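Keep in mind the model is a prediction, meaning the values are calculated, not measured. For the single chain, residues carry numbers from 1 onward in sequence order.
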Amino acid sequence: MRAPALWIGAALFALLAAAGGLGGSGLYLELVSYPDARVLFRTGVEKGFPFSTLIRHSVHLTPVYENYRVADAGAIVLESTRFQDLGWGVPSTFGEPYRVEDGFMVITGINRTMGSLPFRVSRINNPELLLGPHPGGAGGEPLRILLADHVRDGKRVTITVRRENGFTRLARMFF
């Protein structure tokens, strides 16, 4: 009778170790469809992890980058933006520092904290989520996720960062 209980205990211990333990927690960047809250993409991240959004301006069809980082407790911080043409939907007046670099207007020091980032997907602006180093910066190329590959034209997605404990990670493994 003791042998099956020992095996079950060992298997449970292995599952808990694989899930990162019950006491620990991790941060996850998620792309979630709206309004059904279906998780379309998910990856583990750490505090300070950089990511960006990229759209093509609907009139000029030039790139507009917004650069973010993951903060404490799953918050998202808008750090900077880069664009080439002035027009509808891009800043025209701002108090933050800016410079012109490689044909882009770069606004830095924004540091606006938000809990989530709602994003409308359109075939006109062809939005992307860029995971990793900010475009135009050092550190290599980011992983590119085309949002139109995940939802239909005109639909909304939300980019969030969630903290998840070991119990929840374990449950996700089975359900």
Side-chain angles (χ1 to χ4, degrees), residues 19-58 63-83 88-98 104-137 139 142-173 175:
L22 293 178
S25 63
L27 291 173
Y28 294 87
L29 187 140
E30 295 180 336
L31 180 64
V32 181
S33 64
Y34 179 85
D36 63 350
R38 191 169 40 100
V39 176
L40 304 170
F41 176 84
R42 182 172 204 263
T43 188
V45 296
E46 295 180 1
K47 178 184 171 190
F49 180 80
F51 68 96
S52 303
T53 57
L54 165 63
I55 65 164
R56 275 74 179 172
H57 190 278
S58 62
V64 177
Y65 296 94
E66 294 209 313
N67 301 316
Y68 302 87
R69 70 177 156 79
V70 173
D72 284 331
I76 297 170
V77 178
L78 172 61
E79 294 185 307
S80 63
T81 188
R82 293 170 43 95
F83 55 92
W88 190 261
V90 295
S92 59
T93 59
F94 37 88
E96 295 85 4
Y98 70 93
F104 282 87
M105 175 75 73
V106 181
I107 304 170
T108 59
I110 300 171
N111 295 321
R112 185 169 301 134
T113 301
M114 56 196 80
S116 64
L117 178 61
F119 214 82
R120 186 71 58 183
V121 176
S122 165
R123 69 178 181 275
I124 295 170
N125 66 19
N126 198 22
E128 296 180 36
L129 175 61
L130 309 175
L131 302 177
H134 293 320
L143 171 66
R144 299 173 100 73
I145 299 171
L146 300 173
L147 300 186
D149 288 349
H150 295 279
V151 294
R152 291 189 333 260
D153 187 46
K155 294 296 180 182
R156 190 183 113 183
V157 296
T158 304
I159 300 167
T160 63
V161 176
R162 292 178 4 129
R163 183 172 297 282
E164 199 169 85
N165 65 31
F167 281 120
T168 306
R169 286 196 307 273
L170 185 60
R172 276 191 192 276
M173 291 171 64
F175 305 105

Item to complete: List in chain and number order the residues that pass side chain to side chain contact (heavy atoms under 4.5 Å, CB included) with I124, two or more places apart in sequence or in another chain; answer none if no residue qualifies.
Response: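 Only S58, S122 meet the side chain to side chain contact (heavy atoms under 4.5 Å, CB included) criterion with I124.
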
First locate atom [atom1] of [X], then atom [atom2] of [Y], and finally report the distance between them rounded to the nearest 0.5 Å.
X: N125; Y: D153; atom1: CG; atom2: CG; answer: 9.0 Å
X: E79; Y: Y68; atom1: CD; atom2: OH; answer: 11.0 Å
X: F51; Y: I145; atom1: CZ; atom2: CD1; answer: 11.0 Å
X: F83; Y: Y65; atom1: CZ; atom2: OH; answer: 14.0 Å
X: I55; Y: L147; atom1: CD1; atom2: CG; answer: 11.0 Å
X: L31; Y: L40; atom1: CG; atom2: CG; answer: 5.0 Å

Please give me the minimum heavy-atom distance between [X] and [Y], naming the atom from each residue.
X: N126; Y: R56; answer: O-NH1, 2.9 Å
X: G132; Y: F49; answer: N-CZ, 3.7 Å
X: P127; Y: R120; answer: CG-O, 4.3 Å
X: L130; Y: R144; answer: CD2-CG, 3.5 Å
X: S80; Y: I110; answer: CA-CD1, 3.8 Å
X: I76; Y: S116; answer: CD1-CA, 4.2 Å

Does any part of the side chain of [Y], heavy atoms only, come nearer than 4.5 Å to the side chain of [X], both counted from C-beta?
X: V45; Y: R69; value: no
X: F41; Y: L131; value: yes
X: V151; Y: Y34; value: no
X: T43; Y: L143; value: no
X: V157; Y: L129; value: no

Practice prompt. Might you work through the side chain to side chain contact (heavy atoms under 4.5 Å, CB included) test for I159 and T53, ending with a clear yes or no?
Written response: CA-CA 10 Å; I159 300 167; T53 57; 4.0 Å; yes

Worksheet item: Between E164 and R42, is the closest basic N to carboxylate O distance under 4.0 Å?
Response: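 A salt bridge links R42 with E164.
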
Fill in: I107 and its side-chain contact (heavy atoms from CB on, under 4.5 Å) partner, picked from N67, L78, T81
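One option only clears the test, and that one is T81.
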
Item to complete: Please lay out, stage by stage, how H150 and V121 fare under the test side chain to side chain contact (heavy atoms under 4.5 Å, CB included).
Response: CA-CA 9 Å; H150 295 279; V121 176; over 6 Å; no

